[in-house]
Amino acid sequence: MIRPFTRAAILPFTRLGEKFWYESNSHIHFGEYDPVYIQRALDQSLTNGFMVGWASFAQEGEMNSVLLAIRDKCFWKDVEILREIVWYSDKTSRGKMGALKAYKEAEKFAKNNNIKKIIMGRIRGVPTYDKLDKFYQKNDFKSFEDEYIKDLKVR
């Protein structure tokens, strides 16, 4: 069952988000997972109305898939964008309908709110995420940019 992401989903997300954090190798670039920071950031993002999301839950009530996105505008033109910030399913839910239904809800939300573009991403180097390229191509996404990351030495 897919539900909109609300404050009630923050705590279940912190548990699922930790799985994403370490599987995606985000900890290599950004350090250890901080559930308190995540809870505060999600609460603030929901409060200001910029973040939207959808989640699916297992029978036991555990969140197993989530898609969170930021409502944004193109810097170069007055075009609204829905920019994905996390789209993740735990390993037991991959290949099942939860993540796909969350994406379909995001697309429906965008259309209903006159949002012209959806930007989705994929973290490179994680073998279990390689299928995303095929999904994006099948759903008429075009590759626009690759992103690179560098650690800077702070004085």
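On a predicted model such as this, the values are computed, not experimentally measured, just so you know.
Ring to ring, W54 and Y103 are not that close: their centroids are 6.0 angstrom or more apart. Residues W87 and F135 bring their aromatic ring centres within 6.0 Å.
Although no hydrogens or angles enter the test, the distance criterion places no donor-acceptor pair under 3.5 Å between the side chain of N113 and the main chain of I115. Y22 contributes no side-chain N or O that, together with a main-chain N or O of E32, makes up a donor-acceptor pair within less than 3.5 Å. Between the side chain of K77 and the main chain of K73, no donor-acceptor pair closer than 3.5 Å is present. A donor-acceptor pair under 3.5 Å is formed between the side chain of Y136 and the backbone N or O of G121. Looking at D34, its side chain does come within 3.5 Å of a backbone N or O of Y37 through a donor-acceptor pair. With T47 contributing its side chain and D43 its backbone, the two residues share a donor-acceptor pair below 3.5 Å.
Here the NZ atom belonging to K101 is positioned 10.0 Å from the CE atom belonging to M1, to the nearest 0.5 angstrom.
One finds a salt bridge joining E107 and K111 here, because a Lys/Arg side-chain nitrogen approaches an Asp/Glu carboxylate oxygen to under 4.0 Å.
Taking 4.5 Å as the limit, some side-chain heavy atom of I123 sits within range of a side-chain heavy atom of F20.
Around CZ of R7, the count of heavy atoms belonging to other residues, nucleotides or ligands within 6.0 Å exceeds 12.
A donor atom on one side chain and an acceptor atom on the other are not found under 3.5 Å apart for S65 and R94.
Relative to the ring axis of F57, R3 places its NZ or CZ within 45° and under 6.0 Å from the centre.
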